[in-house]
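What follows is a single structure, written as structure tokens, with notes after it.
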2 protein chains.
Amino acid sequence: MTDDSGPTAKPERGAMSGATGDRGKGSGTSSAPPGATTPRRTPRHGARKRSSIIAGEIRSRIITDGLDPGDSLPIEKLMIEDFGASRATIREALKELEVQGLIRMKTGPNGGPIVAGSSPLEALQAIRNFCYFEKVTIHDIYELRSALEVQMVQSAAGRIDAATFERLDALIEISAAPASDEAERRRQREAEFEFHTVLAEAAPNRLLTLMIEVIAGILVSATARDSARHQMHGDWSCENSRYHADIVAALRREDAEAAAALMHEHMTQAHRHLELIYGDLTLEDIALTPRERD
Amino acid sequence: MTDDSGPTAKPERGAMSGATGDRGKGSGTSSAPPGATTPRRTPRHGARKRSSIIAGEIRSRIITDGLDPGDSLPIEKLMIEDFGASRATIREALKELEVQGLIRMKTGPNGGPIVAGSSPLEALQAIRNFCYFEKVTIHDIYELRSALEVQMVQSAAGRIDAATFERLDALIEISAAPASDEAERRRQREAEFEFHTVLAEAAPNRLLTLMIEVIAGILVSATARDSARHQMHGDWSCENSRYHADIVAALRREDAEAAAALMHEHMTQAHRHLELIYGDLTLEDIALTPRERD
DNA sequence: TTTGATTTGTTCGTATGTATC
DNA sequence: GGATACATACGAACAAATCAA
């Protein structure tokens, strides 16, 4: 798949741009390990961690080479030669980029590090951490969420295709039906959030979509535990689905202002409801669920 | 306050909560001689990477123990025993948490991993990555920025103390004065952005503050290169500082609505101006500056 | 100021599971 | 199924940074 020397001018496997490497290994420390001549690099003092420097270098190369998601990067062995660092150091640099969501590691032949597409997971994690330390409350989240959702619905108006409308209708139907057991009620809550993320996907502003998904992610993990516990959720769920239906109706006739007003009202109601349940509780006890990736 | 049970309920160095550890490896104490059978853990097929699992475990312990920034975590050696993993694996787990900004490593006696306070840098980096891959435009950013800043100024109204007002006045004065050389013009641009971040700091919503700082960070790195190049910036800067002065005046008389309206107008103007310069240019060539940490 | 202890940072070598061919 | 290529994991050791005596 990757081995095409055709018109694609992209630097394939292992090429990348500058092969700096080999940084002044001259001053090798005299103390040689038992393995005889091991030309140990001098991890110069004063600098940042070597792994971070290398990570930054790899990052720069990804950008300057204009690599797209799915493209392969040089395998570990080549990087060891290029940078003149040990395997562990290279692996740490790769780990940094992996945690940042820039690359993914793939085992087996033709494996190695590959450029990962953008994913909101890293931003979600970072903002979750922030919420944990900064004692963010339900009020704070909804203040932000309201602003984002209102802007989003205005931006999405007139840009929603038929398929998306159908998905929205289906989600409304799920959350509108009366829930009998807890599992079903939980599914309803999920559908309510999914309504907002599906709507956000329709907006052309990817940054806005990201923010809304992050906020939704924080809220679901915050309310997941007792999403089905409270009896209030029954009435509330009904109210929610009515708002959702009204918003979709406004969007169908491409009335951005009405949709925005409804969304604002919807957020205000949801804010009031959740504050009734949780009060001024900070999210410090809910953030940072382990959450497996991918 | 999650900690009950007496005065100093915080688990000091190395205590943490559950000492699960010791999975399998019954003969742990008998340090295996170099040539002996290494009781290798089975990295089971379906499972995730061991380092990520351990990282999640450490993360959970930080939360359940209610650790605050500055608190110490067990040193590597203890973790090796607790988790029954090799040093490289432990270090990879620690690296993951470090990249996520949750911990910092400290060398020397009394060193080890310590809980790092919340920092917007990780969120900034994650969102920058996202912008790089998703081809976010100036329009997208300003759509979001406008919503955030308007909400922020409403939230900050009536909560600004005298010292903050003075700082804001000083920043306005800097950007209002006519710029002679490029360096000065660059300083003006910085002051303009700083106006918004200082204002955001006054808002009680930390999450909103974070978002605004992240957006500002993306914009400065996007416009830093040619912030002083364009002649237009002269007039524009003048207009900006007038808006800033008007907003501050509205905030002084605690007129949230007027301040919000002015901010909205300000954002619209800024949006128009930048789009005039950059057009529909995506940010993919500006994001991801290496940026050294701390 | 120097010395020594503690802990992370870096390196080597090696073994094993896993995915592709 | 076997061979190959690759990441994942283990262990031991030295280097550098930091702090305390």
Side-chain angles (χ1 to χ4, degrees), chain A residues 1-3 13-14 23 25 27-55 72-80 83-96 98 103-114, chain B residues 13-14 23-25 28 31-54 72-81 83-98 103-114:
Chain A
M1 274 47 85
T2 58
D3 55 274
R13 159 67 48 127
R23 31 198 290 137
K25 76 192 226 177
S27 66
T29 53
S30 56
S31 68
T37 72
T38 53
R40 185 77 46 94
R41 298 299 173 291
T42 66
R44 288 204 330 288
H45 128 283
R48 300 260 152 236
K49 278 202 239 184
R50 196 123 119 86
S51 58
S52 285
I53 296 172
I54 293 175
S72 287
L73 268 60
I75 63 173
E76 282 184 353
K77 200 187 295 181
L78 287 178
M79 288 197 178
I80 291 171
F83 291 104
S86 78
R87 182 182 232 79
T89 303
I90 296 291
R91 278 185 63 77
E92 253 192 280
L94 257 21
K95 178 78 184 176
E96 178 171 331
E98 190 188 7
I103 65 171
R104 278 176 29 220
M105 304 302 274
K106 194 177 151 199
T107 61
N110 285 15
I114 66 179
Chain B
R13 160 60 45 101
R23 25 192 290 144
K25 182 172 190 173
S31 62
T37 66
T38 57
R40 189 69 47 92
R41 295 299 166 295
T42 65
R44 288 205 332 286
H45 161 267
R48 303 261 153 235
K49 278 202 254 190
R50 196 126 121 87
S51 60
S52 285
I53 297 173
I54 293 176
S72 287
L73 268 61
I75 62 173
E76 284 180 359
K77 199 186 296 180
L78 287 178
M79 289 196 178
I80 292 171
E81 297 173 5
F83 291 104
S86 79
R87 191 153 109 98
T89 305
I90 295 293
R91 280 187 61 78
E92 243 187 296
L94 258 18
K95 178 79 183 174
E96 177 172 332
L97 298 177
E98 191 187 7
I103 65 172
R104 277 176 28 222
M105 305 299 276
K106 198 178 149 199
T107 62
N110 287 47
I114 66 180

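Chain naming here is simple, since letters A, B, ... match the order of the sequence lines and numbering starts at 1 in each.
- A salt bridge between A:Glu98 and A:Arg104 is absent, with no side-chain N of the basic residue lying under 4.0 Å from a carboxylate O of the acidic one.
- Judged by distance alone, with hydrogens and angles left aside, A:Arg91 brings no side-chain donor or acceptor close enough to the base of C:dT10 to form a pair under 3.5 Å.
- For the 3.5 Å distance criterion, the side chains of A:Glu96 and A:Ser51 fail to qualify, holding no donor opposite an acceptor.
- The CD atom of B:Glu76 sits 14 Å away from the C1' atom of D:dG11 (whole-angstrom rounding).
- Under the 4.5 Å side-chain criterion, counting only non-hydrogen atoms from C-beta, B:Ile54 is not in contact with B:Met79.
- Within the 4.0 angstrom heavy-atom criterion, only backbone atoms of the sugar-phosphate kind lie near A:Lys106; the bases stay farther away.
- Judged as a side chain to side chain donor-acceptor pair (under 3.5 Å), and not counting sequence neighbours, the contacts of A:Ser86 are A:Thr89.
- Across all strands shown, nothing is found opposite C:dT1 as a Watson-Crick or G-U wobble partner with both distances under 3.5 Å.
- For the pair B:Ile103 CD1 and C:dT8 P, the interatomic distance rounds to 10 Å; values are reported in whole Å.
- A 4.5 Å side-chain heavy-atom check between A:Ile114 and A:Ile103 finds every atom pair outside the cut-off.
- The distance from atom NZ of A:Lys95 to atom P of C:dT10 is 16 Å, rounded to the nearest whole Å.
- Between B:Arg87 and C:dG9 there is no side-chain polar atom (N or O) within less than 4.0 angstrom of OP1 or OP2.
- Evaluation of the side chain to side chain contact (heavy atoms under 4.5 Å, CB included) rule for B:Ile80 yields B:Arg87, B:Ile90 as partners, not counting sequence neighbours.
- Between A:Ile80 and B:Lys77, it is B:Lys77 whose nearest contact on DNA chain C lies nearer the 5' terminus.
- The CG atom of B:Leu73 sits 11 Å away from the P atom of C:dT8 (whole-angstrom rounding).
- Counting heavy atoms from C-beta outward, A:Ser52 and B:Lys95 have side chains that approach closer than 4.5 Å.
- The interatomic distance linking B:Ile90 (CD1) with D:dT8 (C1') rounds to 15 Å, in whole Å.
- Which of D:dT8, C:dG9, C:dT11 sits closest to the side chain of A:Thr89 comes down to C:dT11.
- When rounded to the nearest whole Å, the span between CG of A:Leu78 and C1' of D:dA7 equals 14 Å.
- When distances are taken from the side chain of B:Pro113 to each of C:dT8, C:dT10, D:dA9, the shortest belongs to C:dT8.
- B:Glu92 has its CD atom 16 Å from the C1' atom of C:dT8, to the nearest Å.
- Put simply, CE on A:Met105 is 11 Å from P on D:dA9, counting in whole angstrom units.
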Review item, nucleotides 3-6 of chain C N/O atoms under 3.5 Å of protein N/O:
| from | atom 1 | to | atom 2 | distance (Å) |
| --- | --- | --- | --- | --- |
| C:dT6 | O2 | B:Pro109 | N | 3.4 |

